[in-house]
Each structure stands twice: as C-alpha cells, then as structure tokens.
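Notes follow the structure.
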Amino acid sequence: MVKLRLKRCGRKQRAIYRIVAIDVRSRREGRDLRKVGFYDPIKSQTYLNVPAILYFLEKGAQPTGTVHDISKKAEIFK
C-alpha cells in the first residue's frame with residue numbers, strides 16, 4: 001500500500017518536509033516512489049505537484065493526517 005506522507009529534511013532545529021509517495025513499510029527517511037511537494041512550517045510555504053498527488057490518490061494512495069490537512073488547505077479536495 002502506498003501513502004502520501006512527510007519526509008524530514010533540513011538541519012537540526014530547522015526542519016522542512018518533503019511530501020512523498022512512499023510504501024507503507026518504509027521508514028520515514030526511506031526510499032520514496034516520487035516526490036510530490038514540500039512543506040516548510042517555519043516560513044509557512046507549501047509547494048504541491050497537484051497532478052502527481054491526484055494520480056496517486058486515484059491509484060489508491062492514502063494521505064496521512066498532516067498531508068491531508070495541507071492538501072485541504074491548498075484546496076485539492078474540491
């Protein structure tokens with residue numbers, strides 16, 4: 001099963017997150033299938049590759065709670 005979830009990047013005390021499509025059994029920093037966006041909570045910046053996200057959702061990928069909230073804020077689920 002594939003999930004859309006956050007992958008931590010950046011340095012200590014200055015995290016940014018990549019939004020990735022990844023296998024459920026992989027760890028947080030594991031190998032991802034595809035990068036579909038990023039999220040910077042400090043600067044409140046978000047970039048989403050909407051066609052890629054919709055492709056994985058159509059194929060049955062489940063977003064985690066945080067990714068779902070970020071996507072809802074960007075109005076992907078209209």
Side-chain angles (χ1 to χ4, degrees):
M1 181 178 188
V2 175
K3 280 202 171 223
L4 296 173
R5 67 183 189 201
L6 298 175
K7 184 175 182 180
R8 191 176 195 277
C9 301
R11 55 180 208 243
K12 190 168 42 171
Q13 300 294 321
R14 184 70 178 88
I16 62 168
Y17 297 92
R18 284 191 181 139
I19 301 169
V20 296
I22 195 167
D23 188 37
V24 174
R25 297 166 292 192
S26 298
R27 60 179 203 247
R28 182 184 69 186
E29 289 89 14
R31 184 166 174 240
D32 51 56
L33 300 172
R34 186 166 177 194
K35 297 174 185 74
V36 294
F38 79 87
Y39 171 61
D40 186 351
I42 295 171
K43 293 183 181 178
S44 298
Q45 291 180 336
T46 305
Y47 169 76
L48 300 173
N49 185 350
V50 177
I53 291 173
L54 293 177
Y55 170 79
F56 281 108
L57 290 175
E58 288 172 2
K59 296 293 181 185
Q62 296 294 316
T64 60
T66 307
V67 173
H68 185 269
D69 292 342
I70 292 169
S71 302
K72 195 190 311 187
K73 209 179 277 187
E75 299 178 350
I76 288 181
F77 298 117
K78 270 189 168 181

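Since this is a predicted model, take the numbers as computed values, not measurements.
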For this session: Please report the closest heavy-atom contact between R31 and S26, naming both atoms and the distance.
Result: O-OG, 4.1 Å
For this session: May I ask whether V50 and Y47 are part of the same hydrophobic cluster, defined by side-chain heavy atoms of I, L, V, M, F, W, Y residues being less than 4.5 angstrom apart, directly or through others?
Result: no
Exercise. Considering all heavy atoms of both residues, which atom of V36 and which atom of A52 are nearest to each other, and what is their separation?
Worked result: CG1-CB, 3.7 Å
Seminar exercise, completed: Between the CZ atom in F56 and the CG atom in N49, the distance rounded to the nearest 0.5 Å is 9.5 Å
Exercise. With a 4.5 Å limit on heavy-atom distance, are the side chains of L4 and R34 in contact?
Worked result: no
For this session: Give, for atom NZ of K73 and atom OG of S44, the distance between the pair rounded to the nearest 0.5 Å.
Result: 7.5 Å
Only distances under 3.5 Å count here; give the side-chain donor-acceptor pairs of residues 18-25 to other protein atoms, sequence neighbours excluded, each with its distance to 0.1 Å.
residue, atom, partner, partner atom, Å
D23, OD2, R25, NE, 3.0
D23, OD2, R25, NH2, 3.0

Exercise. Yes or no on side-chain contact (heavy atoms from CB on, under 4.5 Å) for H68 and I76, after CA distance, side-chain angles and deciding distance?
Worked result: CA-CA 9 Å; H68 185 269; I76 288 181; over 6 Å; no
For this session: For residues D32 and K7, determine if any side-chain heavy atom of one lies less than 4.5 Å from a side-chain heavy atom of the other.
Result: yes
Problem set entry | Q13 to I42 - nearest heavy-atom pair and separation | O-CD1, 4.4 Å
Exercise. So does R8 have more than 12 non-hydrogen atoms from other groups sitting under 6.0 Å from CZ?
Worked result: yes
Problem set entry | Residue pair P41 / A15: nearest heavy atoms and the distance that separates them | CD-O, 3.8 Å
Seminar exercise, completed: Correct closest heavy-atom pair for P63 and L57 would be CD-CD2, 3.8 Å
Exercise. Is I53 close to V67 at the side-chain level, that is, under 4.5 Å between some pair of heavy atoms?
Worked result: no
Problem set entry | Shortest non-hydrogen contact between S71 and L48, atoms and distance | CA-CD1, 4.4 Å
